[in-house]
Amino acid sequence: MKRRIIWGIIVLAVMAVVFVYFVFDPSAESWFPKCRMYQLTGYKCPGCGSQRMLHALLHGDVVGAIHYNAYLFVVMFYCLAIGISQLIYHRYPKFSDVLLSVPVALTFLVLTLLWWVLRNVYGW
């Protein structure tokens, strides 16, 4: 019973976030949080553009979403795969084990660092 309550709260929180990002445009509203790293250094962090990407995706603008943050667009599918793997863990435990393995985590760490450098060098 306690687990259902926790999942219910999580689902409601996600629905609230989705609602806010669907209704309000982060590029037009000043009350959305801004990236502190970008404000302090002028360099984009790996997550810069994620709020605008989410807003674009919720409005069906896939090209715009990729424009705002291409790497996060890809990572989103990896996170979705992890979520699905947890739901079907009892049936396919190896799928989850591979997704959560150290080599895959290190690969994403390296890719994140590469994205961070390349987006600032080439202006992506």
Side-chain angles (χ1 to χ4, degrees):
M1 185 67 166
K2 188 176 183 180
R3 188 175 173 138
R4 282 188 178 188
I5 292 171
I6 291 171
W7 276 108
I9 291 170
I10 290 170
V11 167
L12 286 175
V14 168
M15 287 172 58
V17 168
V18 167
F19 175 78
V20 167
Y21 279 97
F22 182 80
V23 173
F24 300 102
D25 183 358
S27 1
E29 303 291 338
S30 62
W31 51 269
F32 278 95
K34 307 292 185 244
C35 178
R36 295 293 175 224
M37 180 177 171
Y38 186 73
Q39 287 180 326
L40 293 173
T41 67
Y43 292 113
K44 294 179 181 178
C45 76
C48 275
S50 59
Q51 296 179 92
R52 291 171 288 153
M53 183 204 77
L54 180 58
H55 178 76
L57 270 182
L58 290 172
H59 287 273
D61 183 10
V62 175
V63 174
I66 292 170
H67 169 74
Y68 288 126
N69 194 322
Y71 181 67
L72 196 58
F73 185 78
V74 172
V75 170
M76 184 178 61
F77 290 105
Y78 173 66
C79 292
L80 183 63
I82 289 174
I84 291 170
S85 77
Q86 295 306 299
L87 292 173
I88 61 172
Y89 184 81
H90 65 283
R91 187 150 191 164
Y92 303 102
K94 287 185 180 181
F95 178 59
S96 179
D97 293 344
V98 168
L99 287 177
L100 297 173
S101 67
V102 172
V104 172
L106 289 175
T107 300
F108 269 95
L109 175 64
V110 169
L111 289 174
T112 301
L113 294 174
L114 279 172
W115 169 248
W116 194 355
V117 170
L118 292 175
R119 80 181 309 195
N120 286 296
V121 170
Y122 294 107
W124 297 342

Task: Stepwise side chain to side chain contact (heavy atoms under 4.5 Å, CB included) check, M76 with N69 - done: CA-CA 11 Å; M76 184 178 61; N69 194 322; over 6 Å; no

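- The cluster map of Ile, Leu, Val, Met, Phe, Trp and Tyr, joined by side-chain heavy atoms under 4.5 Å apart, puts L100 and V104 in the same cluster.
- When side chains are defined from C-beta on, W115 does not count as touching L72, because their heavy atoms never get closer than 4.5 Å.
- Ring planes of F77 and F73: perpendicular class, angle over 60° (limits at 30 and 60°).
- Atom CD1 of I6 and atom NZ of K2 lie 6.0 Å apart (nearest 0.5 Å).
- Contact annotation: the side chain of V20 approaches that of F32 to within less than 4.5 Å [non-hydrogen atoms, C-beta and beyond].
- Cluster annotation: L80 is connected to I82 through the hydrophobic network of ILVMFWY side chains, with a link wherever side-chain heavy atoms come within less than 4.5 Å.
- The shortest side-chain heavy-atom distance between M15 and F19 does not fall under the 4.5 Å cut-off.
- For the pair C48/M37, no side-chain contact is recorded, criterion being any heavy-atom separation below 4.5 Å from C-beta on.
- R52 places no side-chain N or O within 3.5 Å of a backbone atom of D25 that could act as its donor or acceptor partner.
- Residues A56 and G64 share a closest heavy-atom pair of CB-C, 4.1 Å.
- Using a 3.5 Å distance cut-off with no hydrogens or angles, the side chains of Y71 and T112 do pair a donor with an acceptor.
- Around OH of Y43, the count of heavy atoms belonging to other residues, nucleotides or ligands within 6.0 Å does not exceed 12.
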Open item on the list: Could you go through L54 and L58, starting from their C-alpha distance and side-chain angles, then the distance that decides it, and tell me whether this counts as side chain to side chain contact (heavy atoms under 4.5 Å, CB included)?
Closed with: CA-CA 6 Å; L54 180 58; L58 290 172; 4.1 Å; yes

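- Cluster membership for L12 and I9, using ILVMFWY side-chain heavy atoms within less than 4.5 angstrom, is not shared.
- Linking Ile, Leu, Val, Met, Phe, Trp and Tyr residues whenever their side-chain heavy atoms come within less than 4.5 Å leaves Y38 and L113 in two separate clusters.
- The 12-atom threshold is exceeded at OH of Y78, counting heavy atoms of other residues, nucleotides or ligands nearer than 6.0 Å.
- Residues E29 and V23 fail the side-chain proximity criterion, which asks for heavy atoms closer than 4.5 Å.
- Between D97 and Y89, the closest side-chain pair of non-hydrogen atoms falls below 4.5 Å.
- The minimum heavy-atom distance linking K34 with P26 is given by the pair NZ-O, 4.3 Å.
- Atom CG of residue L87 and atom OG of residue S96 lie 10.0 Å apart, to the nearest 0.5 angstrom.
- Under the 4.5 Å side-chain heavy-atom criterion for grouping Ile, Leu, Val, Met, Phe, Trp and Tyr, V74 is not connected to M53 through any hydrophobic cluster.
- Under the 3.5 Å distance criterion, the side-chain polar atoms of W116 are left unmatched by any main-chain donor or acceptor of L111.
- In this structure the side chain of I66 reaches within 4.5 angstrom of the side chain of V62, judged on heavy atoms.
- For the pair Y92/S85, no side-chain contact is recorded, criterion being any heavy-atom separation below 4.5 Å from C-beta on.
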